[in-house]
Amino acid sequence: MELNEWFEKGITAQEYVDSMSQHQQGFVYIYEHFKVPTEDEPLLAQLRGKNLRAIILTEDWCGDAMLNIPVFLRIAEISRIDTHFLLRDENLTLMDQYLTNKTSRSIPKIIIIDREGNELFNWGPRAPELQHFIESSSANLPAESDEQFKEKQNEMFQFITKAYRDNEDFRSYVYNDLKKALTS
């Protein structure tokens, strides 16, 4: 399938949010509390004439999606980037074209296309500062063979999810990385 066909297959942001069974509250909280800096609005408004569209590969259980997508949606509103969502696990043919490090189905992946369906760039799954945060948070986990691994991993995921929801700096990291990608 061509990217335009994938885009048409997707659902709207509202349909995605309405369908969420996990992280919906965090997603909505971030969306409601993140605002694009006023001084950047003219820069992002310049993208309006480009008629950009976005395909977002995601799943509602993903903490990175909970943080990154609401920030992107705020940018998309100002830039008038029409955005459609596809669930990763139901669209592996597309997902496998956007593997992280050519091995991992990490999400979210935001694929920016023009009206003709040409890919301009893709972004995801996270800003560099958040990659460092994840690596630091994971560094002290016991080995997977350790009987405490699952428990400690769940504690880490809860910690990360709370940090993603509450840390405004994290939203800024995502915003700045997305802004750089969109305006370069």
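- Here the closest heavy-atom approach between residue D60 and residue S21 is recorded as OD2-N, 2.5 Å.
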Can you give me every donor-acceptor pair (side chain of residues 146-164, partner residue at least two apart or in another chain, under 3.5 Å) with its distance?
unit_1	atom_1	unit_2	atom_2	d
D146	OD1	Q148	N	2.7
N154	ND2	K150	O	3.4
T161	OG1	F157	O	2.8
K162	NZ	D166	OD2	2.7
Y164	OH	D64	OD1	2.6

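- Residue pairs satisfying the side chain to side chain donor-acceptor pair (under 3.5 Å) criterion with at least one member in residues 79-97, sequence neighbours excluded, are listed as follows: K9-N91, D96-R105.
- Heavy atoms of other residues, nucleotides or ligands lying less than 6.0 angstrom from CD of E119 number more than 12.
- The stretch residues 85-117 participates, sequence neighbours left out, in these ring pair (Phe, Tyr, Trp, His ring centres under 6.0 Å) pairs: Y16-F85.
- Of all heavy-atom pairs between A45 and I78, the closest is N-CG2, 3.9 Å.
- No chain of hydrophobic side-chain contacts below 4.5 Å, direct or via other Ile, Leu, Val, Met, Phe, Trp or Tyr residues, connects I113 to I110.
- In this structure, N101 contributes its side chain and T103 its backbone to no donor-acceptor pair below 3.5 Å.
- Taking the ring axis of Y29 as reference, the NZ or CZ atom of R165 stays within 45° of it and closer than 6.0 Å to the ring centre.
- Surrounding CD of E39 are more than 12 heavy atoms belonging to other residues, nucleotides or ligands, all under 6.0 Å away.
- Of all heavy-atom pairs between I75 and V36, the closest is N-CG2, 4.2 Å.
- In the displayed structure, E168 atom CD is contacted under 6.0 Å by at most 12 heavy atoms of other residues, nucleotides or ligands.
- Contact between R126 and L130 at its shortest, heavy atoms only, is CD-C, 3.6 Å.
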